[in-house]
Number of protein chains: 2
Amino acid sequence: MRLQPSAPAATGGPAQQRRSLEVFDRLRRAIVTGELRPNEPLIEADIAERMQVSRTPVRESMQRLSAAGLVVPRKRGWAVREFSLEDVALNAEVRAGLEGFAAGLAAQRATPDDLGRLAAIHRERLGLDPEDEKARVRTNRAFHDAVIAAARNPKLTDAIDATGLFYFNGDVVRMSSAEQMAQGNADHAQILAALEAKDSAAAETRMRAHIERTARIIRSR
Amino acid sequence: MRLQPSAPAATGGPAQQRRSLEVFDRLRRAIVTGELRPNEPLIEADIAERMQVSRTPVRESMQRLSAAGLVVPRKRGWAVREFSLEDVALNAEVRAGLEGFAAGLAAQRATPDDLGRLAAIHRERLGLDPEDEKARVRTNRAFHDAVIAAARNPKLTDAIDATGLFYFNGDVVRMSSAEQMAQGNADHAQILAALEAKDSAAAETRMRAHIERTARIIRSR
DNA sequence: GCATTCTTGTTTGCATGCAAACTCGCATGC
DNA sequence: GCATGCGAGTTTGCATGCAAACAAGAATGC
């Protein structure tokens, strides 16, 4: 997940809300990695002590986490939001629509540079050791991000980021089998071809189908 | 804009974060209506006094406003985010993609009830006094909301809500002329027909075109 | 024995206190 | 005249205080 636009510059920033944002980030990470289990109640004083801050930054980060949909209000305080398989599938559907749309725009707007970058990522991916899970996830992300960036609409990028994730409380959904990886690469190749041909409709259709395939894999687990 | 999912039940709720959420809501309204001008710095103590609360709920609501993209961090504190015409146009593009996608899903999933509701809204709209600006805005919203609801994907609904609005700092973009209203109604009729025919592709295409038309009107102002 | 009220401890929501960071005007030096 | 440095006044970021809401168990009534 890309960081909120309000994240301060990495270095030399005004150190504005340092504690508050760090708490936000640590909690976010803890939730999406599953370290904090779904429905686990979040005790302010507890978190504050563990992170060596007062309750104030903890409370402020709760507001952000709530806005991001990662925690939900309880009668008293907050609890970790539970992401069900159904949630993930619904998200995947939205993402299919959004990323498909982005691919369609990218077909119209991608510069030769964009296309070169995409082709390079794709080539790297083809040469990958199938056992290297990390590299597979990274290059897959890179491919999708590059397509989204080529759509040249920052609002669209935000919207896609906001849908979040292909994980639910820590269990990353992965294209585990070798065939699935081959299928994914074939999809990417088709998408890339459509972008290079500036065929907007094809790019959209193929990206949508590519993500819907992933959604189906999730549903069938 | 629909309220955050974390909004408490209207009555009898646990009165949880009453002040904090009220401040959020009042500020949100003040920003989108333009009462608070773009780039206006937001002084905590000032707002707190005006709203008769302490700085704490003000600060908490800032976190939410920031997450919603309505305020941006300054070197010191926060300022009202400026929505440029360009921002609105980019948003409209995203919305065209999302609502088009929603219409496509709605064509597959709308119940007879959904279709009845939509037809009723459409009929009401046709009989409207063209001078009744409020009713036009309201029924237009109702039509779009009904289509979105028929897509039966709450995440999609959230994503559409999050893109926000057709206003920028208070200036609602309206289909001002009579022709524009007629054109809008003709679009709606076509969309409705596609939904009734369960023609997903047509519903998507027409909804997308309908919103892109609005975007073009915005751009040309 | 079961339900109901009372009691006590926890945890929140909000207010306030305080030091540090920044702003801006003014004075001083060149 | 322009730049640089200093100091008073804001305004923030975070810590802490406090009363009210809630939860859970003990005591009481039936």
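Every chain is numbered from 1, with letters handed out A, B, ... down the list of sequences.
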Study note, to complete from the structure: Whole-Å distance, B/Glu60 CD to D/dC14 P, equals 13 Å
**Study point:** Value in whole Å for how far the P atom of C/dT12 lies from CZ of B/Arg19
**Key:** 18 Å
**Study point:** Interatomic distance where CZ belongs to B/Arg59 and P belongs to D/dT11 [whole Å]
**Key:** 15 Å
Check your understanding: Does B/Arg138 have any side chain to side chain donor-acceptor pair (under 3.5 Å) partners at least two apart in sequence or in another chain, and if so, which?
Key -> B/Glu124
Review point. Separation of B/Lys75 atom NZ from C/dA21 atom C1', in whole Å?
Key: 13 Å
Review point. Between C/dA21, D/dA15, C/dC14, which nucleotide gets closest to the side-chain atoms of B/Pro57?
Key: C/dC14
Practice item. Give, ordered by number, those residues of residues 42-56 of chain B having at least one heavy-atom distance below 4.0 Å to an atom of DNA chain C; if nothing qualifies, reply none. Key: B/Val53, B/Ser54, B/Arg55, B/Thr56
Point to revise | Pairing residues for A/Ser20 by the side chain to side chain contact (heavy atoms under 4.5 Å, CB included) criterion, not counting sequence neighbours | key: A/Gln17, A/Pro57, A/Glu60, B/Gln63
Check your understanding: Quick one: A/Arg18 CZ to D/dG13 C1', roughly how many Å, whole number?
Key -> 9 Å
Review point. Over how many whole Å does the gap from B/Trp78 atom CH2 to D/dT11 atom P extend?
Key: 17 Å
Review point. With distance as the sole criterion, is a donor-acceptor pair present between the side chains of B/Ser66 and A/Arg64 under 3.5 Å?
Key: yes
Check your understanding: What is the ring orientation for A/His188 with A/His144, classed by angle as parallel under 30°, tilted 30 to 60°, or perpendicular over 60°?
Key -> perpendicular
**Study point:** Residues A/Arg59 and B/Thr56: side-chain donor-acceptor under 3.5 angstrom
**Key:** no
Revision key, fill the gap. Among D/dA21, C/dC14, C/dC22, the one nearest any side-chain atom of B/Arg76 is C/dC22
Check your understanding: Is there side-chain contact between A/Arg18 and A/Glu22, with at least one heavy-atom pair below 4.5 Å?
Key -> no
